[in-house]
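Everything numeric in this text was worked out from a predicted model, so none of it was measured.
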Amino acid sequence: MPSGPETDQNRRVALLSVSDKRGLPEFAAALTECGYEIVSTGGTAKTLMEHGIAVTQVQDLTGFPEMLDGRVKTLHPVIHGGLLAVRDDAAHVDALAAHGIRTIDLVCVNLYPFEATVDRSDVTLAEAIENIDIGGPAMIRSAAKNSRYVTVVVSPDDYKIVEHEIYENGGTTTAHTRQELSVRAFEHTARYDAAISTWLRRNGVPADSGWPRELSLGLQLAQACRYGENPHQRAAFYRVGGVTEPCIANAVQLHGKELSFNNLYDLNGALETAKELADCERPAAVIIKHANPCGAAVADSLAEAFRQARSGDTISAFGGILALTHVVDEETALEITGPNNFFEAVIAPGYHTAALRALQERKKWSAGLRILECGTLAGWREAAVRTGFDMKRVTGGMLVQEPDHIQLTESDLTVASSRRPTADEVRDLLFAWRMVRHVKSNAIVLAAGEAVIGVGAGQMNRVNSVRLALQQAGERAAGAVLASDAFFPFPDGPQAAADAGVSAIVQPGGSVKDSQTIEVVNRHNMAMVFTAVRHFLH
C-alpha cells in the first residue's frame, strides 16, 4: 500500500454504488475519516453529497460519461484495471502507470433490486430486464477475485465489520476478512443470477420448453438452527427468493422460542396440509406430528374444527404442530390452551388481539409455544404456480419435480362399485383424498364428518397401513370412508376396511387385481370411486 503524505493520487480509493442505502452515509463517513477517497455513481453519489461527504464521480475517474440510460457506467478499464491489478506484480504496476489507472482498494456494491421488482404482480418483462444489473456484478466479481488486495462489501450488514477493522488497522482490513467477504460476494452474485434465470424461465419461456439444462438454487440464509434433526447435526434454514404464496418462509413469528429444524419442517407440513382445506367454505384445523397429519377437520367454527381435529388422535396431538385456515378468535385460543393440550407451534393467517393474548399468557406452556402468522391463504394455488420445483436431495444430486398441486372434484371421480356413494360420502371422500396426499406412503386416511379419525402412514405394505388406521379409529370406523394414496395391489386392504364397517373408499385404481377389490366392496355394499391420480409422498 502507498505511504507518505496523502494526495489525490496516493489515497486509498473506495468505490460505492448501492441500491440499498441503509447505513450508507455512516459507512462512507468512516471510510473518509480513515483516509479513503470516495468514488461513486448516480443516486449513491447524490445521497452522499446530501450528507456532506466529498465524492468523486465515476465519470471524472474514467474520463467517460455514463451512457445508454445508465446501462454503461462502470464497465471501463480504469475501473476494472484498478480492481484486478496484482499490486506486487511489476508488469501490472507498470501497466497501471502507463495508462494513468489508480488502484481501487474497497468496493461497496449492492445490486439493482431485481427480486423486489419482479415481486410486483403488475411487473412487465421490460421492467424486469431493466432491473438486471450488469456493471454491479462485474465490479463485485473483479473485487472478489482480487481479495488479496481489495475489500468487497455487498451487504449493509457487513459495514460494522469493515469499519471496525479499518479503524483498528490503519485503514485496511485483514486478509481473513477480505477472503470471507470475497466468498460472500460470490455467493451473492450467484444467488442474484439464480433469481434472474428462475424468473425469466417462469415468465419469459414457454412452459413446454423442457427442463433447464442447469438449475441454480438462489437461497438466502433465514436463520441458523440450534441443531438439525438430531443434536449432533448442524443445521440452518434458507429462504428461496420470489415465493409469494403463504408459507413458513414468509411467515412472521409473533411469540415463543426460536424455531428448531424439526419445528420448521413440521410447520411446513402443517401449513401445506391446511392449505388443502383453505378453499372450503368453513374453517379447518390440521395437527401434524413427525411430518404426518394426526388430526384434521372442517367445521362450522374454527374452535369446533380444532376440537374435532384434536379428537382424531388425542395422544399424538400432544406436542404436535397446529395449523388453522382462518384468523384465530378468542374461543379457539382458549380451546387450544385448554387442559391436557400442548403444542410446539401454531400457525394461522392471523390472530384477534384477545386470542393472541390468551395464547401468550397461558402460564404452563406459553413460553415454549411458537406463534406464527402466515397471512391469508386465499389464492394460494394461483401463487403456487410461480413457486417453482419440488426437490428431494439424494447423495450426489437432486431429484426435481413439479409440485403435487392437482385438485380433484366430484366430477373427476369414477364410480367403480355397484353402489354409488351418497352425497355425505362424496364430501368425506374428497376430504380424505385431500388429506392422504400429505401422509407418508404407504398412506391410508379414515374420515367421518370431514374429520380425520385414523391414519396409517409410512408402512412397507398397504394392508398394514389400513390396519393401523382402523386400529386408531376403533369403533368410529363403522360408517367412515377410507382414502388410499395408491391402488390396492390385493383385496386384503379393502377386506379389512369392510370388516370394520367402512362404507366407502377412494383410491387411484389401476391394479391388475382391481376386479377382486371391486368384488369385495360390492359384496359388502360399499361404494368405491377411482381417481386415476396417485399421491405418493416419500
- prompt: Looking only at heavy atoms, what is the nearest atom pair of Ala333 and Val328, with distance?
  reply: N-CG1, 4.0 Å
Non-hydrogen side-chain atoms of Tyr227 and Gln233 separated by less than 4.5 Å: no
task: Verify, without hydrogens or angle tests, whether His352 (side chain) and Ala354 (backbone) share a donor-acceptor contact under 3.5 angstrom.
output: no
message: Taking salt bridge (Lys or Arg N to Asp or Glu O under 4.0 Å) as the definition, give me every residue that meets it alongside Arg184, ordered by chain and number, with sequence neighbours left out.
response: Asp158, Glu180
query: For atom NZ of Lys46, is the number of surrounding heavy atoms from other residues, nucleotides or ligands below 6.0 Å larger than 12?
result: no
message: If you define the side chain from C-beta out and look only at heavy atoms, does anything of Arg310 sit under 4.5 Å from Leu322?
response: no
field: By salt bridge (Lys or Arg N to Asp or Glu O under 4.0 Å) - contacts of Glu163 (at least two apart)
entry: Lys160
- request: Determine whether more than 12 heavy atoms belonging to other residues, nucleotides or ligands lie under 6.0 Å from atom CZ of Phe536.
  value: yes
task: Check the pair Arg141 / Phe186 against side chain to side chain contact (heavy atoms under 4.5 Å, CB included), numbers first and verdict last.
output: CA-CA 7 Å; Arg141 289 173 63 82; Phe186 283 119; 3.9 Å; yes
task: Check for a donor-acceptor pair, side chain of His92 on one end and backbone N or O of Val86 on the other, with a separation under 3.5 Å.
output: yes
message: Testing the basics here: between Ile248 and Leu271, what is the closest heavy-atom pair and its distance to 0.1 Å?
response: N-CD2, 4.0 Å
message: On a heavy-atom basis, which atom in Leu377 and which in Ala278 lie closest, and how many Å separate them?
response: CB-CB, 3.7 Å
- request: Would you check, one step at a time, whether the test side chain to side chain contact (heavy atoms under 4.5 Å, CB included) holds for Arg87 with Val150?
  value: CA-CA 10 Å; Arg87 312 298 164 84; Val150 183; 3.4 Å; yes
message: Is a donor from one side chain sitting under 3.5 angstrom from an acceptor on the other, for Glu33 and Tyr167?
response: yes
Trace of the side chain to side chain contact (heavy atoms under 4.5 Å, CB included) decision for Leu264 with Asn268: CA-CA 6 Å; Leu264 289 161; Asn268 178 73; over 6 Å; no
- prompt: Does NE2 belonging to His290 count more than 12 external heavy atoms closer than 6.0 Å?
  reply: no
query: Is the closest side-chain donor-acceptor distance between Glu344 and Asn262 under 3.5 Å?
result: no
message: Measuring only between side-chain heavy atoms, which start at C-beta, is Leu125 closer than 4.5 Å to Trp199?
response: yes
field: Pairwise side-chain contact, Leu181 with Ile161, heavy-atom cut-off 4.5 Å (strictly under)
entry: no
message: Treating Asn110 as the side-chain partner and Val18 as the backbone partner, does any N or O pair qualify as donor plus acceptor under 3.5 Å?
response: no
message: Between Arg434 and Gln407, is there a side-chain heavy-atom distance shorter than 4.5 Å?
response: yes
- request: Decide yes or no on side chain to side chain contact (heavy atoms under 4.5 Å, CB included) for Arg437 and Thr273, but give the supporting numbers first.
  value: CA-CA 9 Å; Arg437 78 194 306 167; Thr273 308; over 6 Å; no
message: Here's a test for you: under side chain to side chain contact (heavy atoms under 4.5 Å, CB included), which of Leu356, Leu254, Val327 qualifies with Glu373?
response: Leu254
- prompt: Should the pair Glu37-Arg102 be classified as a salt bridge under the 4.0 Å nitrogen-to-oxygen rule?
  reply: yes
- request: Verify, without hydrogens or angle tests, whether Asn341 (side chain) and Glu335 (backbone) share a donor-acceptor contact under 3.5 angstrom.
  value: yes
- request: Verify, without hydrogens or angle tests, whether Arg239 (side chain) and Ala222 (backbone) share a donor-acceptor contact under 3.5 angstrom.
  value: no
message: If we ignore hydrogens and angles and just use 3.5 Å, is the side chain of Ser182 paired with the main-chain N or O of Arg178 as donor and acceptor?
response: no
message: Donor-acceptor pair, distance only, cut-off 3.5 Å: does the side chain of Thr56 make one with the backbone of Val39?
response: no
task: Only one of Asn292, Ile288, Leu259 passes side chain to side chain contact (heavy atoms under 4.5 Å, CB included) with Asp266; say which it is.
output: Ile288
field: Distance-only polar pair, side chains of Thr174 and Glu165, donor-acceptor under 3.5 Å
entry: yes
task: Locate the shortest heavy-atom distance separating Ile79 from Ile104; write the atom from each residue and the value.
output: O-CD1, 3.7 Å
field: Enclosure of Phe27 CZ (heavy-atom neighbours >12, cutoff 6.0 Å)
entry: yes
Which atom of Tyr351 lies closest to which atom of Leu372, heavy atoms considered: OH-O, 2.7 Å
task: Could you tell me whether the side chain of Asp133 reaches within less than 4.5 Å of the side chain of Phe114, counting heavy atoms only?
output: no
task: Kindly give the heavy-atom pair with the smallest separation between Arg11 and Gly35, and that separation in Å.
output: NE-O, 3.3 Å
